[in-house]
Amino acid sequence: EVQLVESGGGLVQAGGSLRLSCAASGFESDAYAITWFRQAPGKEREGVSCFDRRAGRTYYADSVEGRFTISTDNAESTVYLQMNSLKTEDTAVYYCAAADPFYYTYEWYDPKDLRSWGRGTQVTVSS
């Protein structure tokens with residue numbers, strides 16, 4: 001069973017940076033993917049960035065491209081989301097989610113395709 005635990009959220013001023021961590025365990029294959037989602041009050045859950053272990057690729061939403069960077073540690077047991085140049089509209093609860101395996105028909109940004117979820121961490125960006 002895949003288990004995911006997020007950490008690193010907090011309060012930061014606009015223009016600042018935060019790094020989120022997602023400690024992941026329990027994968028049964030190497031063909032998994034881990035996506036960072038976020039959900040702001042009254043809005044739908046949005047895919048932010050993905051580490052696709054199966055394809056060896058990373059993906060970003062247009063809204064964070066160039067500002068956020070997803071990475072892993074050497075053991076690939078933790079996935080990081082480095083968030084720079086934060087904006088007030090980045091305020092949300094951030095979740096990491098995983099699919100194991102991540103099938104070719106899956107979309108990295110579709111919450112329905114990521115079956116395992118962490119509990120989330122709050123990120124608040126003040127003006």
Side-chain angles (χ1 to χ4, degrees):
E1 179 184 358
V2 175
Q3 294 189 332
L4 305 165
V5 180
E6 304 95 336
S7 61
L11 173 65
V12 64
Q13 286 191 327
S17 298
L18 278 176
R19 188 176 80 160
L20 305 183
S21 300
C22 173
S25 62
F27 291 110
E28 296 184 348
S29 77
D30 290 334
Y32 62 86
I34 298 176
T35 292
W36 283 99
F37 287 87
R38 67 185 180 187
Q39 189 165 22
K43 294 190 176 181
E44 292 188 354
R45 196 162 290 189
E46 173 192 19
V48 174
S49 183
C50 175
F51 168 66
D52 182 345
R53 176 65 173 78
R54 173 184 58 82
R57 296 185 60 181
T58 58
Y59 307 99
Y60 297 92
D62 289 344
S63 58
V64 305
E65 181 82 52
R67 299 188 298 122
F68 291 10
T69 303
I70 194 168
S71 63
T72 66
D73 62 1
N74 288 338
E76 296 182 348
S77 61
T78 302
V79 176
Y80 303 102
L81 185 67
Q82 178 67 43
M83 306 186 296
N84 298 329
S85 302
L86 282 162
K87 305 175 181 180
T88 55
E89 52 262 44
D90 294 317
T91 295
V93 178
Y94 284 71
Y95 302 88
C96 61
D100 180 32
F102 187 65
Y103 294 109
Y104 288 96
T105 55
Y106 285 4
E107 299 290 356
W108 70 266
Y109 49 81
D110 189 342
K112 297 189 301 297
D113 289 337
L114 286 298
R115 308 300 175 87
S116 301
W117 289 79
R119 294 188 173 184
T121 185
Q122 175 71 47
V123 171
T124 303
V125 184
S126 64
S127 58

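All of these numbers come straight from a predicted model, not from anything done at the bench.
- Checked by atom type and distance alone, the side chain of E6 never pairs as donor or acceptor with a backbone atom of T121 at under 3.5 Å.
- Linking ILVMFWY residues whenever their side-chain heavy atoms come closer than 4.5 Å, directly or via other members, leaves L4 and W108 in distinct clusters.
- At least one side-chain heavy atom of Y94 sits under 4.5 Å from a side-chain heavy atom of M83.
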Evaluate side chain to side chain contact (heavy atoms under 4.5 Å, CB included) for F102 paired with I34, printing each intermediate quantity in order.
-> CA-CA 9 Å; F102 187 65; I34 298 176; over 6 Å; no
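- For the residue pair E1 and S116, no side-chain donor N or O sits within less than 3.5 Å of a side-chain acceptor on the partner.
- Seen from the ring of Y95, R38 does not count as a face-on cation partner, given the 6.0 Å and 45° thresholds.
- Checked against disulfide (SG to SG under 2.5 Å), C22 has the following partners two or more places apart in sequence or in another chain: C96.
- For the side chain to side chain contact (heavy atoms under 4.5 Å, CB included) criterion with V64, the lone passing option out of V48, L81, L86 is V48.
- When side chains are defined from C-beta on, Q3 does not count as touching V5, because their heavy atoms never get closer than 4.5 Å.
- Within a 6.0 Å sphere centred on OH of Y59, heavy atoms belonging to other residues, nucleotides or ligands number more than 12.
- A ring-centre distance under 6.0 Å is found for W117 and F37.
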Chi angles and distances behind the side chain to side chain contact (heavy atoms under 4.5 Å, CB included) call for F68, S49 | CA-CA 8 Å; F68 291 10; S49 183; 5.7 Å; no
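- Inter-residue side-chain proximity for V125 and K87 is flagged as unmet; no heavy-atom pair is nearer than 4.5 Å.
- Between Q13 and S127, the closest side-chain pair of non-hydrogen atoms is not below 4.5 Å.
- Under the 4.5 Å side-chain heavy-atom criterion for ILVMFWY residues, a single connected hydrophobic cluster contains both V79 and L18.
- Pairing each heavy atom of Q122 with each of A92, the nearest pair is NE2-O, 3.4 Å.
- Between G9 and L20, the closest heavy-atom pair is N-CD2, 3.6 Å.
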Worked verdict on F27 versus Y32 for ring pair (Phe, Tyr, Trp, His ring centres under 6.0 Å) | CA-CA 8 Å; F27 291 110; Y32 62 86; 3.9 Å; yes
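- Among all heavy-atom pairs drawn from W36 and S21, the shortest one is CH2-O, 3.6 Å.
- D90 has a carboxylate O that lies under 4.0 Å from a charged side-chain N of R67, or vice versa, which qualifies the two as a salt bridge.
- When atom types are taken as modelled, the side chain of D52 and the backbone of G56 share no donor-acceptor pair closer than 3.5 angstrom.
- For the pair D100 (side chain) and E28 (backbone), a donor-acceptor distance under 3.5 Å is present.
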Determine, stepwise, if the pair T72 / F51 fulfils side chain to side chain contact (heavy atoms under 4.5 Å, CB included).
-> CA-CA 8 Å; T72 66; F51 168 66; 3.8 Å; yes
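- Put simply, the side chain of Y106 never gets that close to the backbone of P101: no donor and acceptor are under 3.5 Å apart.
- A cation-pi arrangement is found for R54 relative to Y104, the charged atom lying closer than 6.0 Å to the ring centre and inside a 45° cone about the ring normal.
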